[in-house]
Structures are given as C-alpha cells and as structure tokens.
Amino acid sequence: MIEVQNISKSFNNVQVLKDINVHFEKGKTNLIIGQSGSGKTVLLKSIVGLHDVDVGKIFFDEVIFNELNFKDKKDMRKQIGMLFQGGALFDSATVEDNVIYPLDMFTEMTKAEKRDRANECLKRVNIINANTLYPAEISGGMQKRVAIARAIALNPKYLFCDEPNSGLDPQTAILIDDLIKELTIEYNMTTIVNTHDMNSVMEIGDKVVFIYKGEKWWEGTKHEIFETENNELNNFIFASKLSQEIRKLKNKT
Amino acid sequence: MGLFYHIGKYFLLLFRVFAKPEKLKIYYRETIKEIDKLGINSIGIVAIISIFMGAVITIQTAYNTENPIYPKYLIGLTARDTLLLEFSSTIVALILAGKIGSNIASEIGTMRVTEQIDALEIMGVNSASYLILPKIIASVIFTPFLCLMSMLIGIFGGWIAGVSTGVMTTQDYVYGIQYAFIPYYIVYALIKIAIFAFLITTISAYHGYYSYGGSLEVGKSSTKAVVHSSIFILLFNVILTQLLLS
C-alpha cells in the first residue's frame, strides 16, 4: 500500500501539486491520469523521492518514506522498481548487463545465478535472444520490456511506471499494459502507472486518480469513470472526436 | 552570489562522491574502464601535441639565441626546463580539459537528461559516487603517466626539430638536457597534473551531473565544463607554482 497525505510541491514559487491525498492499493494497478502539464509526473517522482515535497507525508505501508534519512531511504529503494518514460536503460551496457546491474549492486549472487535471474526476468517480458544487444540496437517496445525486466529483477514490492506507452504503437502499448498488470498480480506489488492513454485505463486501471492543474480532481475505478459528472474528467476522457461520437450514441440509447 | 551558489553545490556534490561505495568490486571494475577511456585513449593526442611542443620550443629557442655568446646547449636546457616546468603539465592539462572534460560532461549530462541517473537513484545507488569517483581515481592516477610520457616525447621532438633544421648538434642537445638538471621539477609537474586532473574531472562531472533539459543543455554543459576547467587550471597553476617552487 502507498498513501499520500496532503502533499504539495512548488518549483520556483509555482505550485505544481496542491494538497493531494490518495491511497494506492496493494496488488492492484493504480493509474494516475491527466493532461500533459497537470502534475502527474511530478506526483509520481515525488512519491518515489526524486523530488522532495514541500509538505505532506508519503507512506510506503507503515513507513513514512519522505521522512527517512538518506541511508534508510536508500535501503527502502531496493524494494522499488521503476519504468521510466524513455526506458532509461544504460547505453553502455548490453540488455543482459542492464538487468544484471541491480543484482550486481545489491546481492551476493554468483555470476551464474545473476545470469539465470536476468534470463528469467527477460524471458518473463518476452525478450529472447537479445542478451548481447545494446539498447540502441533494439526497438522502443523492447527497451520498455527490458526496463521492466530490470525493475522486477530484485522482486520489488512497489512498481512505478511513468507513461509506459508513450511512443509505442497501439498493439505494443497493449502488450506493455498487460505485462504490467500480470506482473502486479504475480509479484503482489503496489503498482502506480502514470498515463494519459485511455486504452490503458480500460485495460488495467483497477483504481484511477485524475489530476487536474495540480489537484486531485477525481478518483474511482475504470467502471465508474464513464458514469462521472465531473466536467474536467469528461473533457479529458472524451477529448477525441471518435469518443465524443460514441458518447453521443450511448446517450441516445 | 551565483558563484558562491555553484561553489557550495560543487562541494556538496564532492561530499556525495566521496561517500562509502556500495560495492568496492564494482567501483574497481569501473575505474579500470575509466583508465582505458580517459587515460589510454588520450595517449595519442598527448603524444602528438608533445612532439610538436618540443619541436617548436627548440626552434624558437634556437632563433632567439643566435648570438655566438650563447652556448648551443642552452637550446636543450631551455627545451627541457620549459617542458618539465610548464608544457607537459599545464598545456597537456588544458588539452585534456578539452578532450576528457567534454567527454565526462556530455556522458553524465546525457545520462541525466535520459533519466539514467534517476534510474540509478531509484535503485538506491549513490549515482554521484558511482559515476564520478571512478573517473576521478582513473584520471588522477593516469595523468601523471601522460605527463611523464609528454616530457620524454617533447624532448625527443625537440631533438628531431633541432637536428633536422641544423640549429644544433645532437651532442649539444644531449649536453643541454642533462645540464643542471633538478629532479624536483619532475615531482612538481606530476603534483600539478594530478591536481589539474582532479579539477578537470570534478568540474566537468559537476556540469554534467546538473544538466537539465535536452541535448542543447548537454552541449552547453560540455562547453562550460571545458571553459571552467581551463580557467581553474590556469588559476591553480599560479597557486601551485607559488606553493611548490618559491
């Protein structure tokens, strides 16, 4: 479980997050949605500690993560996996070495054990025969899957994904979504996904939080989202002409 | 105020860089890689500039001491002392500031803007230490070898230029480079270049580490790294000369 209590964050006197309270459930895929510039990436990066919040508390189960000292925070981070928007794979390392990296750094496994675990993770995300390739030699979708493999290498309790579908074709995006959903259940993780892709909401959104202009505007399930009367959320969901037409048809029937 | 802000931030970064490493074995492996990348790969450029530095110093000294009252061995002596005292440390450091300084700033800067540094932090790795410490160790260890190599090649370059242009004989040159030799000059040059290497690495790493934005900002960081490293090399050259030679 991850809980955010009354957090606010400003950059150069511009308030980006305003008094946000959210509860993210364990074993579920929690989605943060919102327009570009709404503050969802800042919220995600504040939760994982890449940004220090101005006020508020961030609970990782019983631990107040943002009040931990440097050393404890560092230890806690070993339980966190994160998939970045661009994958953030290490350019100078091969696919296999990217996945081995956290094992190398934080475990006492033998070389063979590390390689086995890396292969297991790569196989889990359907990356086969690419161990010796460099990130620049594989596609964007494959890079995302390798990044997921790296994120789960240490069996994390918490998984964060920042716009996992950006720059991917719809089919690959669905594959990534399904993978995140499956891994969340398999590893019983608390997963938070940052997205503006409505397909992701429908595919994997166990819980959805809508951020608008730095504030939490709405929260609920993917089933409740189409019943909402919230104007800003409706404008976001039905932004495309296709979805507006579908909505009109639905309203007629 | 901006200057003090950056100085403070620079020392805070150094404080993180010299924190206890997560795993010594990995840092050792990274240091070996950096010795190859920053040190071994610089041998070529250092050799080329050294041979020409030695040649130019010899020819210029010869043309400025054409008067018969000056003995010919002065050419060798001047070439040796100029290379040992200044050129093989300071000029080589300035060249390295351009080569390895821009390399470090752009590498770390690219890692910053592509979120690779954030990925390290999320894993619980001290990214500052992991990325910068091996570079500092590698450059501080290896640049004195480059300096020694530059001295030897520079003196050799001076001999080739002097003999091929006929401004002196081999005997004069050899006598000159042995005359009134003070071994401490070599120690002085090695101390200087080790400190310059530290400055180049840390200043460049600082600019790379705090790059934000995109490729344009990485380019700017790279330029700043070279400019600031060069300025600090020249500043510390004066300070160290006063401290070590006076």
Side-chain angles (χ1 to χ4, degrees), chain A residues 11 41 44-45 47-52 65 68 70-93 97-109 111 114 135-136 143 146-148 150-154 156 158-163 166, chain B residues 5 12-13 15-38 41 103-104 106-135 138 208-215 218:
Chain A
F11 293 101
T41 298
L44 194 79
K45 289 192 172 180
I47 296 172
V48 295
L50 288 173
H51 294 316
D52 291 327
F65 182 63
L68 292 177
F70 182 73
K71 193 188 165 294
D72 292 339
K73 209 179 249 184
K74 228 174 103 172
D75 290 339
M76 187 82 193
R77 281 191 168 139
K78 287 163 202 163
Q79 298 174 32
I80 297 174
M82 185 156 178
L83 169 62
F84 286 87
Q85 201 171 343
L89 295 176
F90 306 131
D91 302 327
S92 55
D97 288 343
N98 262 286
V99 184
I100 284 179
Y101 183 82
L103 302 168
D104 236 355
M105 211 62 167
F106 300 113
T107 69
E108 296 304 324
M109 287 175 165
K111 228 175 197 175
K114 281 186 270 192
Q143 285 184 19
V146 175
I148 294 174
R150 185 178 66 182
I152 60 168
L154 286 172
Y158 314 97
L159 179 68
F160 296 87
C161 306
D162 186 14
E163 305 205 7
S166 68
Chain B
Y5 168 78
L12 284 174
L13 179 68
F15 185 71
R16 284 192 62 199
V17 167
F18 290 104
K20 192 181 164 210
E22 280 88 7
K23 238 181 184 178
L24 279 174
K25 204 174 81 180
I26 292 176
Y27 277 65
Y28 173 75
R29 197 177 63 197
E30 289 302 311
T31 305
I32 300 297
K33 277 188 200 168
E34 295 299 340
I35 285 177
D36 178 51
K37 206 163 64 182
L38 304 178
N41 283 343
N103 177 299
I104 291 169
S106 56
E107 182 191 320
I108 297 178
T110 304
M111 288 187 79
R112 167 64 74 192
V113 300
T114 56
E115 295 180 313
Q116 291 176 51
I117 292 180
D118 286 346
L120 284 169
E121 290 287 331
I122 288 292
M123 286 178 206
V125 176
N126 177 351
S127 62
S129 181
Y130 174 74
L131 294 174
I132 303 171
L133 189 60
K135 293 185 199 306
Y209 197 80
Y210 291 112
S211 293
Y212 286 100
S215 54
V218 174

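Sequence lines set the chain letters: A, B, ... in the order given, protein chains first and strands last, and positions in each chain run from 1.
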Rounded distance [0.5 Å steps], CD in B/E115 versus CG in A/D162: 6.5 Å
Contacting region of A/L50 [heavy-atom separation from chain B under 4.5 Å]: side chain
Salt-bridge present (B/E121, A/K45; N to O < 4.0 Å): no
Exceeds 12 heavy-atom contacts within 6.0 angstrom, atom CZ of B/F15: no
Option in A/Q79, A/K78, A/M105 with maximal non-hydrogen atom pairs under 4.5 Å from chain B: A/M105
Close contacts, residues 17-30 of chain B versus chain A, judged by heavy atoms under 4.5 Å: B/E22, B/K23, B/I26, B/Y27, B/R29
Among B/T114, B/I117, B/N126, B/D118, residue most engaged with chain A (heavy-atom pairs, under 4.5 Å): B/D118
Greatest number of heavy atom pairs closer than 4.5 Å to chain B - which of A/K73, A/M76, A/R150: A/R150
Check: residues 81-92 of chain A side-chain donor-acceptor pairs under 3.5 Å, at least two apart:
| unit_1 | atom_1 | unit_2 | atom_2 | d |
| --- | --- | --- | --- | --- |
| A/D91 | OD1 | B/Q116 | NE2 | 3.4 |
| A/D91 | OD2 | B/Q116 | NE2 | 3.0 |

Chain B contact via A/Y101 - which portion, at a heavy-atom distance below 4.5 Å: side chain
